[in-house]
Engineer: 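What follows is a single structure, and I will ask about it in a moment.
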There are 2 protein chains.
Amino acid sequence: MSAPKSTRAPSKPKAPRSGAVATPAPVATAEPPLNTSYLESLLGYNARRAALAVISVFLKRMAPFGLKPVEFSVLTLIAHNPGITSRQTCSALDILPPNLVGIIKSLDQRGLIVRKAHPTDGRAQGLHLSAHGRRLQHEAQLTATALEHDAAHALTPGELDKLKALLRKVYQN
Amino acid sequence: MSAPKSTRAPSKPKAPRSGAVATPAPVATAEPPLNTSYLESLLGYNARRAALAVISVFLKRMAPFGLKPVEFSVLTLIAHNPGITSRQTCSALDILPPNLVGIIKSLDQRGLIVRKAHPTDGRAQGLHLSAHGRRLQHEAQLTATALEHDAAHALTPGELDKLKALLRKVYQN
DNA sequence: TATTGTTATACTCTATAACTATA
DNA sequence: TATAGTTATAGAGTATAACAATA
């Protein structure tokens, strides 16, 4: 689905008529309220809309670090698993190998990661963070953690935890 | 993120050694278990993975109808709101107008919808389902509803309802 | 002047096939 | 023969600018 993100429709509030102090019923000023109730009863629809909303916040807050969601995921996975291979990264994040190549190349060229020869497998290469990458990942992780409560401001901490647990049950196993 | 979907890695079970009846510890047969705990603590990561998992099931089950998620959403929105305009559809589903054009054109060419002149606005056109579109949408909606419990088989009905309510709180308002 | 529907277009994301070098 | 990393490329999804017709 498409999300206009930053460019939001202003949805003109349309000022109340002259003398009317309190307009009891908006009559039918602009739009007949669309019926979206069935779509909103579907898990897929809700999951997609929610994911896009959260990712939209993520993109804004992570822009200063120059990290998009997948780049942050890769960097964080390497941070927590030094020496991880590209294949393992692909499996863990559900990325196809050809699509990871460009991401790894970019992170390498930015000096955030270093590729070392794998100790036992000559075909593979272990991925590690550079000192710079370590600093950036640390800051980005703090931001990602803080961003949570921003993106889910309508939820209590307990609801947020419950939501994440339920989401994991959907895609794990 | 990318999801290999149908083409899953077999992740070789690697048969136990010859005479060993019960191997107590798998020693270190294949992979050192990756640490993904931090990523799994993030709402955005979980929402994205869950959404992709559900959409993957949706794609398979809806393939017989030739409907992708957005096409189903548009068709369903028109079914529940006869005479809706393209603009209203874009707003409701967060689709950009230029991207809806091709979807509407495709549904029209397949004979699923008809475009009628708008009663009051000469620029707009009301969208309606054809008889064929009505039948297809009805069957597709039944499938979409049934698919829910398939995609969320790890959840109880109560958990599924709770999950959808929490997701709506994330993206609405 | 603003809005609806549209074209053209660019950029990103996702997916498949095939190559190389190692195992 | 199979696997890790890679290249090339095709296809889908998403985004902006600009236009004609109408309000």
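This structure is a prediction, so every number in the text was calculated from the model and none was measured. Numbered from 1 within each chain, the chains take letters A, B, ... in sequence-line order.
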Engineer: Is the shortest side-chain heavy-atom distance between Tyr45(B) and Thr76(A) below 4.5 Å?
Structural biologist: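 Sidechains of Thr76(A) and Tyr45(B): no contact.
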
Engineer: Between dA10(C) atom P and Leu96(B) atom CG, what is the distance in whole Å?
Structural biologist: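 Distance, rounded to whole Å: 18 Å.
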
Engineer: Tell me whether the side-chain N/O atoms of Gln88(A) come closer than 4.0 Å to OP1 or OP2 in dG5(D).
Structural biologist: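 Checking dG5(D) against Gln88(A), no side-chain N or O comes under 4.0 Å of OP1 or OP2.
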
Engineer: If I take atom CG in residue Leu100(A) and atom C1' in nucleotide dT6(D), what distance separates them, rounded to the nearest angstrom?
Structural biologist: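 Atom CG in Leu100(A) sits about 11 Å away from atom C1' in dT6(D).
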
Engineer: Do His80(B) side-chain atoms and Leu77(B) backbone N/O form a donor-acceptor pair below 3.5 Å?
Structural biologist: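 Judged by distance alone, no pair lies under 3.5 Å.
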
Engineer: With respect to the side chain of Ala124(A), which nucleotide from dG5(D), dG5(C), dA15(D) is positioned closest?
Structural biologist: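 Nearest to the side-chain atoms of Ala124(A), counting from C-beta on, is dG5(D).
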
Engineer: If I compare all heavy atoms of Gly66(B) with all of Arg110(B), which pair ends up nearest, and what's the gap?
Structural biologist: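 Of all heavy-atom pairs spanning Gly66(B) and Arg110(B), the closest is O-NH1, 2.9 Å.
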
Engineer: Provide, to the nearest angstrom, the distance between the CD atom belonging to Gln125(B) and the C1' atom belonging to dA23(D).
Structural biologist: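 Rounding to the nearest Å, CD of Gln125(B) and C1' of dA23(D) are 16 Å apart.
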
Engineer: Between the protein and nucleotides 18-22 of chain D, list every N/O to N/O distance that falls short of 3.5 Å.
Structural biologist:
none

Engineer: Hey, does Phe65(A) have a side-chain heavy atom less than 4.5 Å from the side chain of Leu136(A)?
Structural biologist: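 Yes, their side chains come closer than 4.5 Å.
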
Engineer: In residues 103-115 of chain B, which residues come under 4.0 Å of DNA chain D by heavy atom?
Structural biologist: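 DNA chain D contact set from residues 103-115 of chain B: none.
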
Engineer: What's the CD1-P distance between Ile95(A) and dT12(C), to the nearest Å?
Structural biologist: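 These atoms are roughly 17 Å apart.
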
Engineer: Is it true that a side-chain atom of Asn81(B) and a backbone atom of Asn35(A) form a donor plus acceptor pair closer than 3.5 Å?
Structural biologist: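 It does hold such a pair.
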
Engineer: For Leu52(B) and dA15(C), what is the distance between atoms CG and P respectively, to the nearest whole Å?
Structural biologist: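 Between P of dA15(C) and CG of Leu52(B): 9 Å.
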
Engineer: Name the residue closer to the 5' end of DNA chain D, choosing between Lys68(B) and Arg87(A) according to the nucleotide with the nearest heavy atom.
Structural biologist: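 Of the two residues, Arg87(A) wins.
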
Engineer: Kindly give the heavy-atom pair with the smallest separation between Gly44(B) and Val54(A), and that separation in Å.
Structural biologist: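 Looking at all heavy atoms of both residues, the shortest contact is CA-CG1, 3.5 Å.
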
Engineer: Quickly work out the Ile84(A) CD1 to dA4(D) P distance and round it to whole Å.
Structural biologist: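 The distance from CD1 of Ile84(A) to P of dA4(D) comes to 13 Å, rounded to the nearest Å.
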
Engineer: Decide whether Leu160(B) and Tyr38(A) are clustered together by the hydrophobic rule: side chain heavy atoms of Ile, Leu, Val, Met, Phe, Trp, Tyr closer than 4.5 Å, transitively.
Structural biologist: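 No, because Leu160(B) and Tyr38(A) fall into different hydrophobic clusters, even though each may have its own neighbours under 4.5 Å.
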
Engineer: Excluding sequence neighbours, so at least two apart, what forms side chain to side chain contact (heavy atoms under 4.5 Å, CB included) with Val74(A)?
Structural biologist: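 Per chain and number, Val74(A) pairs via side chain to side chain contact (heavy atoms under 4.5 Å, CB included) with Val70(A), Ile78(A), Thr89(A), Leu93(A), Ile95(A), Leu100(A), Ile103(A), Ile104(A), Leu107(A).
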
Engineer: Give the cluster check for Leu43(B) versus Leu59(A): same hydrophobic cluster or not, with ILVMFWY residues linked at side-chain heavy-atom distances below 4.5 Å.
Structural biologist: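 Different clusters.
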
Engineer: Please report, rounded to the nearest Å, how far the C1' atom of dT14(D) is from the CZ atom of Arg48(A).
Structural biologist: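 It is 11 Å, rounded to the nearest whole Å.
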
Engineer: Round to a whole Å and report the spacing from CG of Asn99(A) to P of dA17(C).
Structural biologist: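 Distance check: Asn99(A) CG to dA17(C) P gives 14 Å.
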
